[in-house]
Amino acid sequence: YFRSEPEPEFALVPDASFPVVNGEKGIVNLEIRIEVSSAGQADGGAGYFLSSARAGERANIVPALAQLRLRGDDTCDKAQIEREVERFAKANPHARAEVAQGAEGSHDVGVTFRGKTSHGSRPEKGHNAALDMLLFMTQSAYVSDDEAETAEFLHKAAADLTGTGRNLAENDPRLGPTTVSLGIVE
């Protein structure tokens with residue numbers, strides 16, 4: 001290139017390696033909206049219930065942080081959640097999670113899941129904290145059956161990094177296999 005063209009004063013090559021970009025995997029940003037009719041309480045009634053579940057900031061980045069918020073009443077004890085998170089961590093040694101008390105005077109708690117970020121085209125190089133959060137939700141006593149089923153659907157759809165289970169698997173000779181990456185949960 002530099003034999004026939006002068007060196008540029010400034011170059012911007014987003015999302016790739018200079019000097020040559022010879023292809024980019026296609027991307028589909030799929031938004032799934034599911035209305036959950038749990039009315040804010042887990043199926044057991046009193047106690048903790050799901051307030052929010054959030055992860056990721058960009059669709060093409062594997063999230064390294066996921067946060068689950070549980071609202072509680074005066075019958076709640078943070079130790080209940082800590083025991084559940086401890087059991088989850090023992091059964092899933094790759095998962096890292098910690099429990100924190102909500103605002104002073106409240107019975108709310110947060111469960112933070114930590115992973116490792118990577119580009120969405122190479123999700124196997126990272127560890128998706130959102131997938132850990134969703135898996136936890138499928139097993140938690142503090143989410144409703146509807147919420148757990150939604151989490152299970154999303155987890156199964158996104159944990160298969162090649163799309164094989166969803167009939168999405170393809171392989172390009174230059175760009176490699178299809179990749180599936182869950183980037184944002186709200």
Side-chain angles (χ1 to χ4, degrees), residues 27 29-36 38 40-44 47-73 76-104 106-166 179-186:
I27 186 168
N29 288 319
L30 180 62
E31 183 174 315
I32 300 172
R33 292 185 181 263
I34 301 172
E35 181 129 355
V36 179
S38 66
Q41 292 286 97
D43 296 324
Y48 287 110
F49 63 91
L50 180 64
S51 174
S52 68
R54 299 187 184 281
E57 297 177 15
R58 296 190 52 198
N60 67 340
I61 302 294
V62 171
L65 184 72
Q67 297 181 310
L68 189 67
R69 299 281 178 238
L70 300 167
R71 179 130 320 136
D73 60 24
C76 295
D77 179 9
K78 181 178 130 189
Q80 297 169 295
I81 304 296
E82 290 171 332
R83 285 190 297 275
E84 190 169 271
V85 168
E86 187 177 308
R87 281 191 298 274
F88 176 77
K90 282 182 183 175
N92 302 281
H94 62 278
R96 293 186 350 218
E98 63 226 23
V99 179
Q101 187 67 46
E104 189 174 327
S106 81
H107 298 285
D108 300 354
V109 296
V111 182
T112 301
F113 297 85
R114 299 194 184 278
K116 179 183 173 192
T117 194
S118 68
H119 192 275
S121 68
R122 301 295 303 270
E124 74 281 359
K125 300 248 182 222
H127 180 86
N128 195 321
L131 291 176
D132 290 340
M133 177 183 70
L134 292 169
L135 184 59
F136 177 80
M137 289 173 64
T138 69
Q139 303 166 8
S140 176
Y142 303 107
V143 298
S144 71
D145 287 345
D146 287 344
E147 292 160 345
E149 288 173 11
T150 300
E152 182 177 21
F153 168 78
L154 292 172
H155 184 270
K156 282 183 178 177
D160 173 14
L161 301 182
T162 63
T164 303
R166 299 284 173 230
T179 49
V180 174
S181 176
L182 177 63
I184 299 174
V185 174
E186 294 181 328

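For Glu57, the salt bridge (charged side-chain N to carboxylate O under 4.0 Å, His left out) criterion is met by no residue, not counting sequence neighbours. Qualifying side chain to side chain donor-acceptor pair (under 3.5 Å) partners for Ser52, counting only residues two or more places apart in sequence or in other chains: none. With sequence neighbours left out, the salt bridge (charged side-chain N to carboxylate O under 4.0 Å, His left out) criterion links Arg83 to no other residue. Applying the salt bridge (charged side-chain N to carboxylate O under 4.0 Å, His left out) rule to Arg122 yields the partners Glu124; only residues at least two apart in sequence or on another chain are considered. Shown here are the salt bridge (charged side-chain N to carboxylate O under 4.0 Å, His left out) partners of Lys156, two or more places apart in sequence or in another chain: Glu152. Listed by chain and residue number, nothing satisfies the ring pair (Phe, Tyr, Trp, His ring centres under 6.0 Å) test with His155 (two or more places apart in sequence, or in another chain). Scanning for side chain to side chain donor-acceptor pair (under 3.5 Å) contacts around Ser140 gives Glu84, with sequence neighbours left out. Partners of Ser121 according to the side chain to side chain donor-acceptor pair (under 3.5 Å) rule, which considers only residues two or more places apart in sequence or in another chain, are His119. For Phe113, the ring pair (Phe, Tyr, Trp, His ring centres under 6.0 Å) criterion is met by Phe136, not counting sequence neighbours. Partners of Asn92 under the side chain to side chain donor-acceptor pair (under 3.5 Å) rule, at least two apart in sequence or in another chain, do not exist in this structure.
Note: Arg71 CZ to Leu50 CG = 10.0 Å, rounded to the nearest 0.5 Å. Taken from CG in Leu154 to CG in Leu135, the straight-line distance is 12.5 Å, to the nearest 0.5 Å. Residue Met133 holds its CE atom at 10.5 Å from CZ of Phe88, rounded to the nearest 0.5 Å. To the nearest 0.5 angstrom, Leu134 atom CG is 8.5 Å from Thr138 atom OG1. For the atom pair CG (Leu65) and CG (Asn128), the distance works out to 11.0 Å, reported to the nearest 0.5 Å. Note that CZ of Arg69 is 8.5 Å distant from OG of Ser51, once rounded to the nearest 0.5 Å.
Closest non-hydrogen pair, Ala55 versus Ala130, comes out as CB-CB, 3.6 Å. Shown here for Ala129 and Ala66, the closest heavy-atom pair between the two residues is O-CB, 3.5 Å. Gly47 and Asp73 make their closest contact through N-OD2, 3.0 Å (heavy atoms, listed as atom of the first residue, atom of the second, distance). Across all their heavy atoms, Ala148 and Met137 have their closest contact at CB-O, 3.7 Å. The two residues Glu186 and Ile184 make their nearest non-hydrogen contact at CG-CG2, 3.8 Å.
Tyr48 places a side-chain N or O within donor-acceptor distance of the main-chain N or O of Lys78, the cut-off being under 3.5 Å.
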For a quick test of your reading: what N or O donor-acceptor pairs under 3.5 Å do the side chains of residues 157-165 make, sequence neighbours left out?
| unit_1 | atom_1 | unit_2 | atom_2 | d |
| --- | --- | --- | --- | --- |
| Asp160 | OD1 | Thr162 | N | 3.4 |
| Asp160 | OD1 | Thr162 | OG1 | 3.2 |
| Asp160 | OD2 | Thr164 | N | 2.9 |
| Asp160 | OD2 | Gly165 | N | 2.5 |
| Thr162 | OG1 | Thr164 | OG1 | 2.8 |

What donor-acceptor contacts under 3.5 angstrom involve side-chain atoms of residues 93-104, with partners at least two apart or in another chain?
| unit_1 | atom_1 | unit_2 | atom_2 | d |
| --- | --- | --- | --- | --- |
| His94 | NE2 | Asp132 | OD1 | 3.3 |
| Glu98 | OE2 | Arg114 | NE | 3.0 |
| Glu98 | OE2 | Arg114 | NH2 | 2.9 |
| Gln101 | NE2 | Ser106 | O | 3.1 |
| Gln101 | NE2 | Asp108 | O | 3.0 |

